[in-house]
Amino acid sequence: MKILVAVKRVIDYNVQVRVKEDGTGVVTDNVKMSSNPPDDNAIEEAVKIKEAGKATEIIAITVGEEKSQETVRKALAVGADRGILIKTEGTVEPLAVAKALQKIVDKEKPDLVFMGKQAIDDDCNQTGQMLSALLNWPQATFASKIEIKDKILEVTREIDEGLETIEVNLPAIVTCDLRLNEPRYASLPNIMKAKKKPIEIFTAADLGVDITPRVQQIKVEEPPKRKAGIKVASVAELVSKLKNEAKVI
Amino acid sequence: MSVLLIAEHNNKEVKPFTLNAITAASQMDADVHVLLIGNNCGDVAKALSEMSVVKKVLHAEAAHYENYLAENFAPLAVKVSENYSHIVSSANTFGKNLMPRIAAHLDISQVSDITKVISSDTFIRPIYAGNAFATVKSTDTKKCITIRPTSFEPCETSGGSATIEKIEATKEFTLSKFIKREEVKSDRPELGTARIVISGGRGMQNGENFKLIADIADKLNAAIGASRAAVDAGYISNEHQVGQTGKVVVPDLYIAVGISGAIQHLAGMKESKIIVAINKDGEAPIFSVADYGLEADLFEALPQFLEELNKLNSIQK
Ligand SMILES: Cc1cc2nc3c(=O)[nH]c(=O)nc-3n(C[C@H](O)[C@H](O)[C@H](O)COP(=O)(O)OP(=O)(O)OC[C@H]3O[C@@H](n4cnc5c(N)ncnc54)[C@H](O)[C@@H]3O)c2cc1C
Ligand SMILES: Nc1ncnc2c1ncn2[C@@H]1O[C@H](COP(=O)(O)O)[C@@H](O)[C@H]1O
């Protein structure tokens with residue numbers, strides 16, 4: 001079985017994101033970048049499947065600028081076998097990412113595509129579902145548990161009401177929740193070895209994909225700030241304030 | 001043109017966020033039609049037809065529409081999409097799972113999780129866990145939109161008399177199969193719509209201690225929330241998680257207990273009207289968004305809190 005894993009380079013989740021003064025976006029200069037957290041879970045799951053002897057090859061793929069190769073390298077360091085970079089500039093919307101991934105799926109014919117459930121920069125939560133639509137494959141979104149049963153995957157999904165279990169025939173798309181597994185850290189020797197693993201580079205034009213944005217970003221603003229609150233000295237004071245000042249209880 | 005709203009329901013009742021989505025849809029275009037896909041869901045069709053802003057209900061029935069498999073729902077939405085300028089649903093796990101599948105079939109770049117409708121093509125949506133708000137304009141001729149339910153009021157559920165038009169089902173997608181849903185039944189209000197929410201974090205130490213939270217929730221008729229850390233540690237189940245990758249809540253009162261206030265948690269609750277933080281670490285970032293902060297050990301504070309509530313003559317429900 002061959003597994004394709006889509007990884008995105010995003011502002012690190014620990015960074016306090018700041019809006020640019022001119023309202024054109026958020027500050028990215030000198031800001032720490034990392035792989036999108038649930039994409040680490042996606043890679044981890046693929047590596048676990050390979051370690052269990054159920055997969056033969058893992059390909060990590062990203063769509064982004066030249067520097068996004070770092071994210072692919074990280075995937076290679078934790079166990080992916082080779083990488084693909086689809087080199088682009090500027091914003092690439094989920095639909096365009098899905099179209100680019102579709103071209104690679106057509107070429108590589110993986111049995112399974114793992115992705116994150118949501119990118120923590122655009123918070124779109126779209127790309128996996130879109131890719132499965134384009135391929136007309138089953139989709140198992142927000143996965144917190146996966147079991148491989150021959151050509152069928154049993155997936156536990158996190159939904160608003162609790163948990164849902166579905167079965168999807170392979171090939172399929174799975175989007176991963178953070179609770180799916182505990183991503184490992186790359187060891188130094190593996191980081192060194194990953195430097196020798198191949199990364200193939202394409203442009204969107206090579207693949208014949210139009211990635212022109214369809215949604216214009218008109219402006220980006222800071223959220224309204226909350227008024228500073230107060231500290232109360234006791235539980236009795238708290239309850240009294242909630243009752244008599246805020247009038248919420 | 002008209003807007004097509006995809007209803008979420010359990011074949012018996014309309015789910016509450018559909019009401020918020022209908023309001024949002026009506027701000028894009030006054031001619032709101034609802035697409036109801038289900039199995040034996042005649043009661044839902046009737047309920048939807050009585051909502052005052054709904055002009056028409058398109059009602060499709062089939063056994064394979066019993067559960068929400070996007071692979072079954074999307075083709076029907078695509079089929080009826082022709083006459084609509086907008087396709088809308090709520091940005092909860094129902095809409096998040098479904099709408100991108102519809103959008104990609106239609107070659108539309110979806111706009112997710114909008115908090116405001118500026119005009120029929122321009123919307124505001126949070127990005128970076130709500131640390132920024134982007135005003136975006138869709139240039140696609142048709143728009144696929146999911147809405148943040150807590151940013152729109154629920155619509156009126158009476159006063160309307162929309163026509164119900166039966167439409168033909170699309171074929172079953174046989175490569176995906178629904179197996180089961182483990183729904184946690186609770187008498188408490190739903191997290192997403194509760195007037196009061198009390199949430200526990202890693203500071204609760206274990207699942208048993210959530211009893212301290214539950215007692216207060218019972219007293220206040222509140223829903224129970226949790227941080228991701230509390231869910232990850234197994235203190236409480238996933239549907240309680242509040243935050244960037246959990247649920248967004250905007251109650252009148254949010255009480256955060258033993259929660260540090262990571263940006264990913266704040267993303268799900270910082271629009272609440274009144275925020276209370278109970279934390280023993282005076283420097284915890286949660287205090288920076290709290291209207292009332294109590295620096296205390298929660299194991300002392302929560303029992304006292306219950307006691308103080310018991311002393312009150314009346315509590316708003
Ligand atoms: C991509 C991504 C998405 C995420 N999504 C979410 C999300 O949706 N929701 C979410 O909540 N988190 C999310 N997280 C995790 C988030 O970053 C934090 O790790 C998490 O919110 C911390 O939970 P916590 O505050 O309960 O735990 P901690 O940060 O460990 O805080 C525990 C707090 O309890 C206090 N405490 C301990 N004992 C006591 C006591 N006896 N009395 C009083 N106070 C006490 C401590 O002072 C501390 O402030 C996400 C992370 C990532 C990377
Ligand atoms: N530019 C990209 N390159 C590779 N994968 C991506 C890219 N954008 C999104 N993805 C994948 O799609 C998931 C969901 O992203 P989104 O739909 O943007 O929230 C991510 O977790 C990634 O797995």
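All values reported here derive from a predicted model rather than from experimental measurement. In the text below, chain A, chain B and the rest are named by the order of the sequence lines, each starting its count at 1. As a basis for the values below, the full set of heavy atoms in this structure was taken, side chains included, without hydrogen atoms, waters or symmetry mates.
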Enquirer: Name the region of Asp291(B), side chain, backbone, both or neither, that has any atom closer than 4.5 Å to a heavy atom of chain A.
Expert: both
Enquirer: With only heavy atoms counted, which part of Ser234(A) is less than 4.5 Å from chain B, the side chain, the backbone, both or neither?
Expert: backbone
Enquirer: Is chain B contacted by the side chain of Ala246(A), its backbone, both, or neither, given a heavy-atom distance below 4.5 Å?
Expert: both
Enquirer: Between Gln244(B) and Asp123(A), do the side chains contain an N or O donor and an N or O acceptor separated by less than 3.5 Å?
Expert: yes
Enquirer: With a 4.5 angstrom heavy-atom cut-off, which part of Gln118(A) approaches chain B: side chain, backbone, both or neither?
Expert: side chain
Enquirer: Please classify the contact between Ala233(A) and chain B as side chain, backbone, both or neither, with a heavy-atom cut-off of under 4.5 Å.
Expert: backbone
Enquirer: So, do Gln139(A) and Pro100(B) sit near enough that their side-chain heavy atoms are less than 4.5 Å apart?
Expert: no
Enquirer: Please look at Val97(A) and chain B and tell me whether the side chain, the backbone, both or neither of the residue comes under 4.5 angstrom of a heavy atom of that chain.
Expert: neither
Enquirer: Tell me, side chain or backbone of Asn136(A) under 4.5 Å from chain B's heavy atoms, or both, or neither?
Expert: both
Enquirer: What part of Glu71(B) is in contact with chain A, defined as an atom under 4.5 angstrom from a non-hydrogen atom: side chain, backbone, both or neither?
Expert: side chain
Enquirer: Which region of Ile120(A), side chain (C-beta onward) or backbone (N, CA, C, O), has a non-hydrogen atom less than 4.5 Å from a non-hydrogen atom of chain B, or is it both or neither?
Expert: both
Enquirer: So Arg157(A) and Asn97(B), do their side chains get closer than 4.5 Å, heavy atoms only?
Expert: yes
Enquirer: Can you tell which part of Lys15(B) gets under 4.5 Å to a heavy atom of chain A, answering side chain, backbone, both or neither?
Expert: side chain
Enquirer: Can you tell me how far NZ of Lys177(B) sits from CG of Asn169(A), rounded to the nearest 0.5 angstrom?
Expert: 8.5 Å
Enquirer: Strictly by modelled atom types, are Gln126(A) and Arg101(B) linked by a side-chain donor-acceptor pair under 3.5 Å?
Expert: no
Enquirer: Quick one: what part of Arg228(B) sits under 4.5 Å from any heavy atom of chain A, side chain, backbone, both or neither?
Expert: both
Enquirer: In Å, rounded to the nearest 0.5 Å, how long is the span from CG of Leu242(A) to CD1 of Ile196(B)?
Expert: 8.5 Å
Enquirer: Considering only heavy atoms and a distance below 4.5 Å, find which of Val184(B), Asp121(B), Asp232(B) pairs most often with chain A.
Expert: Asp232(B)
Enquirer: So for Tyr292(B), is it side chain, backbone, both, or neither that comes closer than 4.5 Å to the heavy atoms of chain A?
Expert: both
Enquirer: Need one label for Ala290(B): side chain, backbone, both or neither, based on atoms under 4.5 Å from any heavy atom in chain A.
Expert: backbone
Enquirer: Under a 4.5 Å heavy-atom cut-off, does chain A meet the side chain of Ala74(B), its backbone, both or neither?
Expert: neither
Enquirer: When you check the side-chain N and O atoms of Asn67(B) and Glu164(A), is any donor under 3.5 Å from an acceptor?
Expert: no
Enquirer: Could you look at Leu178(A) and say if it's the side chain, the backbone, both or neither that has a heavy atom under 4.5 Å from chain B?
Expert: both
Enquirer: Taking the side chain as everything from C-beta on, heavy atoms only, tell me whether Lys243(A) gets closer than 4.5 Å to Ser314(B).
Expert: yes
Enquirer: Looking at Glu295(B), Gln304(B), Lys96(B), which makes the most heavy-atom pairs under 4.5 Å with chain A?
Expert: Lys96(B)
Enquirer: Is Val248(A) in contact with chain B via its backbone, its side chain, both, or neither, using a 4.5 Å heavy-atom distance?
Expert: both
Enquirer: Please check: side-chain N/O of Arg226(A) versus main-chain N/O of Lys270(B), any donor-acceptor pairing under 3.5 Å?
Expert: yes
Enquirer: What part of Pro223(A) gets closer than 4.5 Å to chain B, counting heavy atoms only: side chain, backbone, both or neither?
Expert: both
